[in-house]
Amino acid sequence: RVYDGSRRLFRCTIAFEGKPETALDDRVIITGEAALGSLSGGGRSGNVGRYTSVDLENLSLSGMDAGNYTLDGVSSLEDVPLEKAIEISPAKLTISVKEPVAITMGDPMPELSEEDISILGLVPGEDKSEIDFDELSTSCSPNNSREAVTGTIAPEGLETENYTII
């Protein structure tokens, strides 16, 4: 799945083992919410990476025979192993210079700041703080013409954990 800033999983099938033989015909459903568990290798849950477990939250019983069972005070389970790992891949982020910048041949490239950059593609609830601007630099193409040309100045050196900058 592509990074969306959420820990929630929308499609999750949970199979529980240990059902007693006498309960084979009982109709009981365990419902709850599944969320990404611990990120393999550490880090904030929900970030880009590989997940091998989920957290099950707000568990409850329903169904025709739910009255025959209890969860013994358990309403959540942490780090429940998954049969197949979940991979969260980076979302795409488009970064460009807001205003056209004119330069003359031989002049140094202009220095840019966060305010000069336009960002498209951040997931709802996130802002520029997701991007490391410490190494912000510029490049220009074409960069070797001796004649006046129209070129594109692009921001470079930006880093972010959950996005691929395009």
Side-chain angles (χ1 to χ4, degrees), residues 1-99 112-139 154-166:
R1 113 176 185 193
V2 175
Y3 173 74
D4 64 4
S6 172
R7 291 184 61 229
R8 296 278 168 235
L9 299 173
F10 296 105
R11 287 190 203 157
C12 187
T13 302
I14 304 165
F16 290 90
E17 295 179 8
K19 185 174 174 182
E21 290 294 323
T22 58
L24 290 176
D25 294 327
D26 282 359
R27 294 183 180 159
V28 179
I29 300 168
I30 299 175
T31 58
E33 299 169 2
L36 295 169
S38 301
L39 180 61
S40 298
R44 187 178 81 192
S45 182
N47 281 354
V48 167
R50 179 181 175 86
Y51 293 84
T52 56
S53 67
V54 293
D55 295 339
L56 303 177
E57 302 165 349
N58 303 316
L59 296 175
S60 63
L61 297 174
S62 62
M64 290 178 54
D65 299 309
N68 297 336
Y69 300 89
T70 64
L71 290 173
D72 290 333
V74 174
S75 63
S76 65
L77 299 168
E78 293 183 356
D79 290 326
V80 177
L82 294 170
E83 282 185 14
K84 183 178 177 185
I86 298 170
E87 295 282 342
I88 305 295
S89 60
K92 293 181 180 173
L93 198 62
T94 303
I95 299 180
S96 58
V97 177
K98 284 183 183 176
E99 300 292 328
L112 299 177
S113 68
E114 287 182 49
E115 291 74 33
D116 299 318
I117 305 296
S118 172
I119 302 169
L120 297 172
L122 288 168
V123 300
E126 293 189 352
D127 57 26
K128 287 185 196 182
S129 66
E130 298 295 321
I131 303 166
D132 180 2
F133 286 91
D134 290 345
E135 300 296 322
L136 176 62
S137 63
T138 55
S139 68
E156 291 185 341
L158 301 175
E159 293 184 11
T160 180
E161 183 175 2
N162 294 311
Y163 297 93
T164 298
I165 299 173
I166 56 172

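All figures in this text were calculated on a predicted structure; none of them were measured in a lab.
- To the nearest 0.5 Å, atom CG of residue Leu56 and atom OG of residue Ser76 are 8.5 Å apart.
- Looking at residues two or more places apart in sequence or on another chain, you find no side-chain hydrogen bond (donor to acceptor under 3.5 Å, both in side chains) involving Ser62.
- For Thr94, the side-chain hydrogen bond (donor to acceptor under 3.5 Å, both in side chains) test picks out no residue, with sequence neighbours left out.
- In this structure, Tyr163 and Pro90 approach most closely via the heavy-atom pair C-CB, 3.7 Å.
- Here the OH-CD distance, from Tyr3 to Glu126, works out to 3.0 Å after rounding to the nearest 0.5 Å.
- For Glu87, the side-chain hydrogen bond (donor to acceptor under 3.5 Å, both in side chains) test picks out Arg50, with sequence neighbours left out.
- The backbone N or O of Val48 lies less than 3.5 Å from a partner atom in the side chain of Asn162, making a donor-acceptor pair.
- Annotation: salt bridge (charged side-chain N to carboxylate O under 4.0 Å, His left out) contacts of Glu33 (sequence neighbours excluded): Arg8.
- For Lys92, the side-chain contact (heavy atoms from CB on, under 4.5 Å) partners at least two apart in sequence or on another chain are Ile166.
- Here the closest non-hydrogen pair linking Glu57 and Ala35 is OE2-CB, 4.1 Å.
- Once rounded to the nearest 0.5 Å, the distance linking CG of Leu36 with CG of Leu9 reads 4.5 Å.
- Note that NZ of Lys128 is 10.0 Å distant from CG of Leu122, once rounded to the nearest 0.5 Å.
- Contact of the Ile131 side chain with the Ile117 side chain is not registered, since no non-hydrogen atoms from C-beta on lie closer than 4.5 Å.
- Not a single donor-acceptor pair under 3.5 Å links the side chain of Arg1 to the backbone N or O of Ile88.
- Contact record, Glu78 with Asp55: CA-OD1, 3.4 Å, taken as the closest heavy-atom pair.
- Contact check for Val54 versus Leu82: side-chain heavy atoms found under the 4.5 Å cut-off.
- A distance of 7.0 Å separates CG of Asn58 from OG of Ser75, quoted to the nearest 0.5 Å.
- Applying the side-chain hydrogen bond (donor to acceptor under 3.5 Å, both in side chains) test to Ser53 and every residue at least two apart in sequence or in another chain returns Asp79.
- Listed here is the closest heavy atom pair of Ile165 and Glu159: CD1-N, 4.5 Å.
- Checked by atom type and distance alone, the side chain of Thr160 pairs as donor or acceptor with a backbone atom of Glu130 at under 3.5 Å.
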